[in-house]
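Report on one structure; see the data block that follows.
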Amino acid sequence: MKGPGGRRIDADIEITEFRPDELIGFRAISGPVRPTGRYELTPAANGTRVRFSLSTELRGAKRLMQPMVQKTMQNEVAQLENLKRALEKEP
């Protein structure tokens, strides 16, 4: 995962849900913040629609990290847009 400024943030991820061709749920089990998320896959007219959700709860002193966490989450979503563009490129 990349944080603000492109700095890499290491985290171990655990798969919490898995249904082939439908759903991948996960949670971070290490790292400074422990988000949960999921990829939901549904058939679409010319391919597959991917719905991505990511959330975390910041408590105590970690609430001060909220702007950085928000930026990191936005970077993750942007990476999905990059993946979509790469996959849709004509060979």
Side-chain angles (χ1 to χ4, degrees):
M1 188 163 41
K2 289 192 179 186
R7 195 182 88 212
R8 186 170 169 75
I9 300 172
D10 291 329
D12 292 328
I13 304 294
E14 174 182 66
I15 301 300
T16 57
E17 299 176 85
F18 180 70
R19 291 194 307 266
D21 302 323
E22 290 181 25
L23 174 71
I24 301 170
F26 63 91
R27 69 183 178 107
I29 57 173
S30 70
V33 177
R34 312 269 172 102
T36 60
R38 49 195 289 145
Y39 294 91
E40 297 175 37
L41 311 170
T42 54
N46 293 323
T48 302
R49 180 178 307 268
V50 178
R51 180 176 178 191
F52 174 67
S53 62
L54 187 63
S55 64
T56 192
E57 211 173 296
L58 300 174
R59 294 185 177 161
K62 287 186 179 181
R63 292 184 78 173
L64 298 173
M65 297 174 63
Q66 196 229 340
M68 181 185 76
V69 171
Q70 180 67 36
K71 180 74 172 163
T72 300
M73 290 181 166
Q74 288 170 339
N75 287 342
E76 291 300 307
V77 171
Q79 291 304 314
L80 285 174
E81 287 297 321
N82 292 338
L83 174 61
K84 179 180 187 269
R85 279 192 296 276
L87 291 173
E88 290 177 343
K89 261 188 180 178
E90 302 255 349

>> Using every non-hydrogen atom in the two residues, find where Thr16 and Phe26 come nearest and quote the distance to one decimal.
In response: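 Heavy atoms of Thr16 and Phe26 come nearest at OG1-N, 3.4 Å.
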
>> Would you compute the distance between atom CD1 of Ile29 and atom OG1 of Thr36 and round it to the nearest 0.5 angstrom?
In response: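 Reported to 0.5 Å precision, the distance equals 13.5 Å.
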
> From Arg27 CZ over to Ile13 CD1, what is the distance, rounded to the nearest 0.5 angstrom?
Replying inline: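 Nearest 0.5 Å value for the CZ-CD1 distance: 10.0 Å.
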
>> Run the salt bridge (charged side-chain N to carboxylate O under 4.0 Å, His left out) test against Arg19 and tell me which residues pass, sequence neighbours left out.
In response: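 By the salt bridge (charged side-chain N to carboxylate O under 4.0 Å, His left out) rule, Arg19 matches Glu22.
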
> What residues form a side-chain contact (heavy atoms from CB on, under 4.5 Å) with Glu40, not counting sequence neighbours?
Replying inline: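 Leu23, Arg38, Arg51.
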
> Taking C-beta and beyond as the side chain, do Ile15 and Ile24 meet within less than 4.5 Å on heavy atoms?
Replying inline: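 Sidechains of Ile24 and Ile15: in contact.
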
